[in-house]
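Only one structure is covered here, and it is reproduced in the block below.
Values below: all heavy atoms of this structure, side chains included; hydrogens, waters and symmetry mates excluded.
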Amino acid sequence: WRELDWIAFAFTFGVSGLWALQRYAPAQFVTGQTFLAAFWVLFLVVSLLYALRQSERPRGLFDTTLVFALPLVAFGIQTRFADPQAQGLDLALAAVVAAAVYLGLSAWLLRRQRARGEREFQVLTEAHFGIGVALLTLAVPLAASAQWTAAAWSIEGVALLWVGLRQRRLLPLVAGVLLHGLGAVALALAIERGDVSVERARSGGEAQAHAAQGHDLTGVRHGASVR
């Protein structure tokens, strides 16, 4: 069935993409948005069922092409439906909604694993978590200035560091460090453009450093208590 899923995915989003590029008009927004959302949900469910309903060993395998290509293609088509007057806010909202779905699925898969004592779907869980974080990260610069982007990415990085330390997982730790780096770059851009003063940037950076240090200590204490 995997090959059939690929064929259906290619034809569905291929036709949708061509229509969006060549025939879409703002008056058709409701129709286009409805079909895009329906197709996205459909293939999201298909990718989950493919992984969860495997009866043979090894379990936990999933269709990486479908899982990772779906948000890329769907969001690419979503950009065609964006209203120029919204200045990116509609795209940011779409990214936040999609991120909430992926993060919710990641949380559900994690609870499912713990309830059943399974570890076969750990990679699938982290894949959905990573996609959700990526979409949430993308939403910030679409809707905010460089100053607020730096602040949001830094807070998100601290949260990911805390998750990684609490759960002893490498992916959130790496993502948290990367987001801190991106936050620093965004802050430097904000200073260069004059959106924020050096004094405010220094005070904000000190606050973020204290927050990160606090989370690090919390993670270390938690690790000690587990041992």
Legend entry - Side chain Ser106, main chain Thr125, donor-acceptor under 3.5 Å: yes
Inset, instruction - Rounded to the nearest 0.5 Å, what's the gap from CD on Gln33 to CD1 on Ile77? Could you check? - result: 10.5 Å
Inset, instruction - For Val67 and Ile131, run side chain to side chain contact (heavy atoms under 4.5 Å, CB included): C-alpha distance rounded to whole Å, both residues' side-chain angles, the deciding distance at 0.1 Å, then the answer. - result: CA-CA 9 Å; Val67 168; Ile131 293 172; 3.9 Å; yes
Inset, instruction - Might you point out which heavy atoms bring Phe39 and Phe13 nearest each other, and give the distance in Å? - result: CB-CZ, 3.9 Å
Inset, instruction - Identify the heavy atoms of Ala99 and Leu136 that sit nearest to each other, and give their distance. - result: CB-N, 3.7 Å
Legend entry - Min side-chain heavy-atom separation Gln113-Leu124 under 4.5 Å: no
Inset, instruction - Apply ring-ring contact (aromatic ring centres under 6.0 Å, His included) to Trp19 and list each qualifying residue two or more places apart in sequence or on a separate chain. - result: Tyr24
Legend entry - Shared hydrophobic cluster for Val41 and Leu109 (ILVMFWY, side-chain gaps under 4.5 Å): yes
Legend entry - Closest contact, heavy atoms only, Arg80 versus Ala20: NE-O, 2.8 Å
Legend entry - Same apolar cluster (I L V M F W Y, side chains within < 4.5 Å links), Phe29/Leu89: no
Inset, instruction - Report yes if some heavy atom in the side chain of Thr65 is under 4.5 Å from a heavy atom in the side chain of Phe9; otherwise report no. - result: no
Inset, instruction - Please report the C-alpha distance between Leu42 and Thr12 in whole Å, then the side-chain angles of each, then the deciding distance to 0.1 Å, and finally whether the side chain to side chain contact (heavy atoms under 4.5 Å, CB included) criterion is met. - result: CA-CA 11 Å; Leu42 173 64; Thr12 299; over 6 Å; no
Inset, instruction - State plainly whether one hydrophobic cluster holds both Val30 and Leu36, where clusters connect Ile, Leu, Val, Met, Phe, Trp and Tyr through side-chain heavy atoms under 4.5 angstrom apart. - result: yes
Inset, instruction - Search all heavy atoms of Phe43 against all heavy atoms of Leu70 and return the closest pair with its distance. - result: C-CD2, 3.8 Å
Inset, instruction - Provide the closest heavy-atom pair for Ala51 versus Phe121 in the form atom of the first, atom of the second, distance. - result: O-CE2, 3.3 Å
Inset, instruction - Rounded to the nearest 0.5 Å, what's the gap from CD on Gln122 to CG on Leu110? Could you check? - result: 7.0 Å
Inset, instruction - Measure the spacing between CZ of Phe129 and CD of Glu126 and express it to the nearest 0.5 Å. - result: 8.5 Å
Inset, instruction - Consider only side-chain heavy atoms of I, L, V, M, F, W and Y, link residues closer than 4.5 Å, and tell whether Val45 and Leu66 are in one cluster. - result: yes
Inset, instruction - State yes or no: do Leu93 and Tyr102 share one hydrophobic cluster built from I, L, V, M, F, W and Y residues joined by side-chain heavy-atom distances below 4.5 Å, directly or via other members? - result: no
Inset, instruction - Taking the side chain as every heavy atom from C-beta outward, state whether Leu91 and Leu138 have any pair of such atoms under 4.5 Å apart. - result: no
Legend entry - Non-hydrogen atoms of Val96 and Ala139 that approach each other most closely: CG2-CB, 3.6 Å
